[in-house]
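Remarks on the structure that follows.
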Amino acid sequence: MNTYITGSAIKMLREKQCMTQLQLAEKLNVSDKTISKWETGKGLPDISLIEPLAAILKVSLPELLSGEQIINTNRSANIMKSNLYVCPICGNILHATGSAMISCCGVTLPSLENEQVDDEHQISCEKIENEYFVSLHHPMTKNHYISFMAYCTGERFELVKLYPESSIEVRFFCRGHGLLYWYCNHHGLFMKKI
């Protein structure tokens with residue numbers, strides 16, 4: 001992410017709003033030459049104009065600073081298309097049902113991508129009456145461990161936080177077909193359809 005707004009970002013976002021430089025200038029109470037200087041990289045907006053500029057261009061402050069507009073393609077909030085985020089600093093686990101700009105501890109977090117399940121991260125999932133019993137043989141030391149397991153169906157998302165030096169045995173109430181996620185702090189996110 002850029003540390004400050006780029007001229008190309010201002011121009012692109014202004015054009016998306018079908019605004020001329022003059023129209024944007026009038027809304028910010030600056031001259032159109034000022035807008036031209038920003039867009040050509042010969043000047044930068046004053047810090048006091050950042051928030052009004054974001055509002056006029058209809059983007060959030062992080063979007064304005066990155067120059068990328070976040071568009072949620074998951075408009076119906078299909079929970080099966082959930083995104084998971086883990087803070088590398090504090091270990092916070094965040095969940096969103098669509099595209100989001102998530103940050104924690106001052107870091108913008110990328111959405112986790114599923115890794116290929118290998119022998120070290122192979123889970124056992126048994127259906128016992130009305131529950132799934134999930135277990136995994138994996139190190140649970142203070143430095144290498146499974147941080148969480150989650151079960152996602154079309155209507156629910158259930159997450160169980162795991163801690164170092166504990167066993168990996170989790171029960172989820174069976175709600176039909178869904179996705180089972182587990183996260184290793186060294187190797188990433190894994191997923192299995194159940």
Side-chain angles (χ1 to χ4, degrees), residues 1-116 142-148 150 152 157 159 161 179 181-191:
M1 182 159 92
N2 295 320
T3 55
Y4 205 70
I5 306 162
T6 63
S8 58
I10 295 171
K11 182 177 181 179
M12 184 251 324
L13 293 168
R14 175 184 59 79
E15 289 174 346
K16 276 190 178 178
Q17 295 300 315
C18 300
M19 250 189 278
T20 65
Q21 288 181 344
L22 181 61
Q23 290 169 325
L24 178 58
E26 288 173 350
K27 291 180 184 222
L28 289 169
N29 294 320
V30 296
S31 70
D32 58 337
K33 288 181 181 177
T34 300
I35 303 296
S36 178
K37 284 181 181 178
W38 295 347
E39 291 183 359
T40 57
K42 295 177 183 167
L44 295 169
D46 184 78
I47 193 79
S48 65
L49 295 173
I50 302 298
E51 196 169 335
L53 181 61
I56 292 166
L57 296 174
K58 298 184 179 169
V59 293
S60 67
L61 288 173
E63 288 173 307
L64 181 61
L65 292 171
S66 70
E68 295 179 23
Q69 194 169 11
I70 304 292
I71 297 171
N72 186 0
T73 55
N74 187 14
R75 294 208 179 265
S76 63
N78 181 346
I79 202 162
M80 295 291 280
K81 294 181 181 178
S82 291
N83 290 319
L84 293 164
Y85 305 83
V86 174
C87 178
I89 297 168
C90 71
N92 194 9
I93 304 161
L94 301 139
H95 166 250
T97 57
S99 296
M101 185 170 278
I102 305 285
S103 63
C104 186
C105 298
V107 177
T108 301
L109 305 176
S111 174
L112 296 175
E113 294 183 16
N114 300 331
E115 303 294 333
Q116 281 288 87
K142 289 184 180 181
N143 296 322
H144 188 191
Y145 56 91
I146 300 296
S147 175
F148 68 86
C152 181
F157 185 90
L159 186 136
K161 176 72 174 122
L179 302 173
Y181 294 98
W182 61 103
Y183 178 77
C184 172
N185 72 325
H186 279 212
H187 300 101
L189 184 70
F190 298 91
M191 186 268 293

(request) To the nearest 0.5 angstrom, please state how far the CD1 atom of Ile35 sits from the CG atom of Leu22. (result) 9.5 Å
(message) So which atom in His144 and which in Cys184 form the shortest heavy-atom distance, rounded to 0.1 Å?
(response) NE2-SG, 3.3 Å
(request) Go through the structure and list residues passing side-chain contact (heavy atoms from CB on, under 4.5 Å) with Lys37, not counting sequence neighbours. (result) Lys42
(message) Just to verify, what does Ser36 make a side chain to side chain donor-acceptor pair (under 3.5 Å) with, not counting sequence neighbours?
(response) none
(message) Return the CG to CG distance between Leu84 and Leu159, rounded to the nearest 0.5 Å.
(response) 7.5 Å
(request) Compare all side-chain heavy atoms of Leu24 with those of Leu53 and state whether any distance is below 4.5 angstrom. (result) yes
(request) Nearest 0.5 Å please: distance from the CH2 atom of Trp38 over to the CG atom of Leu49. (result) 5.0 Å
(message) My understanding is that only residues two or more places apart in sequence, or in another chain, count here; which of them pass side-chain contact (heavy atoms from CB on, under 4.5 Å) with Cys18?
(response) none
(request) Only pairs at least two apart or in different chains count here, so list each ring pair (Phe, Tyr, Trp, His ring centres under 6.0 Å) that has a residue in residues 82-106. (result) His95-Phe157
(message) Test side-chain contact (heavy atoms from CB on, under 4.5 Å) on Val86 and Phe148; report intermediate values, then the result.
(response) CA-CA 10 Å; Val86 174; Phe148 68 86; 3.8 Å; yes
(message) Give me each pair satisfying salt bridge (charged side-chain N to carboxylate O under 4.0 Å, His left out) with a member in residues 18-33, each pair once, sequence neighbours excluded.
(response) none
(message) Going by the rule side chain to side chain donor-acceptor pair (under 3.5 Å), which residues pair with Lys161 if we only count those two or more places apart in sequence or in a different chain?
(response) Ser147
(request) Can you see which heavy atom on Asp46 is nearest to which on Ser48, and at what distance? (result) OD2-OG, 2.5 Å
(message) For the CD1 atom of Ile56 and the CG atom of Leu13, what is their distance to the nearest 0.5 Å?
(response) 12.5 Å
(request) Identify, with sequence neighbours excluded, every residue that meets side chain to side chain donor-acceptor pair (under 3.5 Å) alongside Ser103. (result) none
(request) Measure across Cys104 and Cys90 and return the closest heavy-atom pair with its distance rounded to 0.1 Å. (result) SG-SG, 3.6 Å
(request) Search all heavy atoms of Cys152 against all heavy atoms of Met80 and return the closest pair with its distance. (result) O-SD, 3.6 Å
(request) For the residue pair Ile102 and Ser111, establish whether any side-chain heavy-atom pair is separated by less than 4.5 Å. (result) no
(message) If I take atom SG from residue Cys87 and atom CG from residue Leu94, how far apart are they, to the nearest 0.5 angstrom?
(response) 8.0 Å
(message) Tell me every residue that passes side-chain contact (heavy atoms from CB on, under 4.5 Å) with Gln23, counting only those two or more places apart in sequence or in another chain.
(response) Met19, Thr20
(message) Minimum heavy-atom separation for Gln116 and Phe190, please, with both atom names.
(response) O-CE2, 3.2 Å
(message) Counting only heavy atoms from other residues, nucleotides and ligands, does the tally under 6.0 Å from CD of Glu51 exceed 12?
(response) no
(request) Applying side-chain contact (heavy atoms from CB on, under 4.5 Å), name anything that partners Asn114, two or more places apart in sequence or on another chain. (result) Tyr181, Leu189, Met191
(message) Suppose we screen for side chain to side chain donor-acceptor pair (under 3.5 Å). Which residues come up paired with Glu39, at least two apart in sequence or across chains?
(response) Arg14, Gln21
(request) Could you tell me which non-hydrogen atom of Asn143 sits nearest to which non-hydrogen atom of Asn185, and how far apart they are? (result) O-ND2, 3.0 Å
(message) For the CG atom of Leu44 and the CD1 atom of Ile10, what is their distance to the nearest 0.5 Å?
(response) 7.5 Å
(message) Taking ring-ring contact (aromatic ring centres under 6.0 Å, His included) as the definition, give me every residue that meets it alongside Tyr145, ordered by chain and number, with sequence neighbours left out.
(response) none
